[in-house]
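What follows is a short report on a single structure.
Here is the naming used below: chain letters follow the sequence lines, and residue numbers restart at 1 for every chain. Note that this is a predicted model, so its numbers are computed, not measured.
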Amino acid sequence: MNVDLRKSNFSASNLSTPKQRKWLASIRSALLDWFATSQRELPWRQTTDPYAIWISEIMLQQTQVATVLPYYFRFLERFPTVHELASADEVELMRYWEGLGYYRRARQMHAAAKQIVEAHNGVFPANFEDVFALPGIGRYTAGAICSFAYDAPTPIVEANTQRLYARLLQWDKPLTERQSQDRLWEFATAILPEKNGSRKVNYATMELGSLVCKPQPECSRCPLVNLCPTARSGLQSSIPAPKVKTVYSDRFEVALLLRNSDCEVPDRSKHSVAPKYLVRQCGPNEWWTGLWDFPRIEISAENFEELDRPLLVSSVHEMSSRKSKSSKRLNTHDSPLHAIHEAILNRFGIATQIEGSALRTIKHSVTRYRIQLRVCNARLIRPIAGDSQGFKWATLEELHALPLSASARKVVQGLK
DNA sequence: AAGACGGGGAC
DNA sequence: GTCCCAGTCTT
């Protein structure tokens, strides 16, 4: 089209001048042609069931398509309707979410399902305001559900479309700014057709952002290349503005494997009793809220190294009697192990003793932390106090049914 | 406006 | 290694 790209960085208004409307119509048209031949066949696009679309949208928050696919099928098979989800057992639900991360998504979804049963008679709401009001559903997800399920003209702005829209607008300010967000939502609204067909347009903008207008875009394959001022000016690498680099910090942890067979009288009724491991449920103000984990604490880099030393020998007895002639290492200064035992006692109220050096070290990451976790055998040197809440002993089989963090799951994998 | 929240894919 | 991902909610 004969649209002047040099003037398509609109100064203000809501993209409603004749020239802007013509430009938008050209984009829409080229986009839909491209989408018809280039779209991926994703399972959540083969349905208009708002429930299934909702599940997919929640799973897809900050999570890539390839990661979601297996979870999506498994989840819908087990929880095919709002009612099934609303009446789901919390533990089983979390087990179906395990590995996806951002576990509050699952809890909020559970709450939302109950809300839908209560307030909407189990029928997924059909207008934006009602959908938006549900826990875990923000502006993007509400718009996506209404558009995809009902073909409502609700705009969407998420990672893919945000990048695409910013480039089409040649918007060079950081996208986190309020002004930027307002502009993006304005574009997202303006790009939708007057009447029907918003579903397809929203699918198409996301798909183009995902497959072509990537962080490193492939403009030579883009159906909008001749309509895009950023491509014209060669500013693809600076638009959208690069995000502030994440500063990672190292973190060291130790997890304790405490077996009941080491500290309790075995059940005499059976000649072979499966050992049980001490686990606890993570509380509201810690990572993996609601999930189960082995007793685990952060430790210093020095103590972390100490746990890697072979043939580690220490006992509380040796440490508590400072005058005794225990091993040379323990005599020099406060044992690092003592510090760890103290920290475990303070944190969990259990008196423990680490045995030997770490079985293994697991690397994982949580948001901005790069974590190394030493897994250690340990024993209880005093019974667990009655007021220590949240603990339970679980067999290997029971551990398989409990929702764990990905790192705790790795620990369990090593227990066979 | 900025930070918390998980984990894995892709390069 | 680094960057990024169909965001939401809380400071």
Side-chain angles (χ1 to χ4, degrees), chain A residues 39-40 42-45 53-72 94 97-109 111-112 131-148 154-165 173-181 184-185 188 199 202-211 213-217 237 240 242-251 282 284-291 293 362-371 403-410:
Chain A
Q39 65 170 303
R40 291 169 294 181
L42 300 175
W44 40 85
R45 286 201 200 128
I53 290 169
W54 171 44
I55 303 302
S56 75
E57 288 302 333
I58 302 298
M59 287 185 170
L60 284 161
Q61 288 172 5
Q62 294 295 286
T63 310
Q64 297 184 133
V65 166
T67 304
V68 167
L69 283 170
Y71 284 88
Y72 176 77
M94 297 312 292
W97 201 268
E98 185 188 298
L100 269 181
Y102 289 118
Y103 297 95
R104 66 180 58 164
R105 291 183 293 177
R107 288 192 299 278
Q108 288 172 323
M109 222 170 58
V131 176
F132 186 57
L134 294 169
I137 296 185
R139 190 175 179 183
Y140 160 73
T141 301
I145 293 172
C146 291
S147 170
F148 300 156
T154 46
I156 55 167
V157 176
E158 43 66 72
N160 299 303
T161 49
Q162 174 168 280
R163 196 169 47 241
L164 172 66
Y165 300 165
K173 297 184 175 63
L175 298 188
T176 51
E177 290 179 10
R178 166 62 76 86
Q179 189 191 12
S180 303
Q181 288 300 308
L184 293 171
W185 281 100
R199 165 168 43 215
N202 280 337
Y203 276 152
T205 54
M206 289 180 77
E207 193 75 334
L208 189 65
S210 177
L211 299 180
C213 198
K214 299 179 284 190
Q216 305 295 325
S237 60
K243 292 172 186 165
V244 183
K245 216 191 305 185
T246 305
V247 179
Y248 293 101
S249 54
D250 290 325
R251 185 182 155 107
C282 300
N285 290 317
E286 51 185 331
W287 288 339
W288 310 302
T289 302
L291 275 63
D293 194 13
I362 293 170
K363 293 183 181 181
H364 65 115
S365 60
V366 177
T367 61
R368 62 188 181 84
Y369 298 97
R370 314 306 294 249
I371 304 165
L404 308 174
S405 68
S407 58
R409 184 60 65 194
K410 285 181 193 168

side-chain hydrogen bond (donor to acceptor under 3.5 Å, both in side chains) against A/T154, all qualifying residues, sequence neighbours excluded: none
Which residues share a side-chain hydrogen bond (donor to acceptor under 3.5 Å, both in side chains) with A/S407, sequence neighbours left out: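 Checked A/S407 against side-chain hydrogen bond (donor to acceptor under 3.5 Å, both in side chains); matches are A/R296, A/S405.
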Looking at every strand, decide which applies to [X] at a 4.0 Å heavy-atom threshold: base, sugar-phosphate, or nothing.
X      : result
A/A144 : nothing
A/S405 : sugar-phosphate
A/I137 : sugar-phosphate
A/R163 : sugar-phosphate
A/L291 : nothing

Nucleotide nearest A/T141 (side chain, heavy atoms from C-beta), chosen from C/dA6, B/dG7, C/dG7: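 In terms of side-chain proximity for A/T141, the closest of C/dA6, B/dG7, C/dG7 is C/dG7.
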Selection from C/dA6, C/dC5, B/dG6 that lies nearest to any side-chain heavy atom of A/Y103: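 That would be B/dG6.
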Phosphate OP1/OP2 of B/dC5 contacted by A/W288 side-chain N/O (<4.0 Å):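 No, A/W288 has no side-chain N/O under 4.0 Å of OP1/OP2 on B/dC5.
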Side-chain N,O (A/R368) to OP1/OP2 (B/dA4) below 4.0 Å: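 For A/R368, the contact criterion (side-chain N or O under 4.0 Å from OP1 or OP2 of B/dA4) is met.
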Donor-acceptor pair present, A/Y140 side chain and C/dG7 base, under 3.5 Å: no
Close approaches to DNA chain B from residues 61-70 of chain A, in residue order (heavy atom, under 4.0 Å): A/Q62, A/T63, A/Q64, A/T67
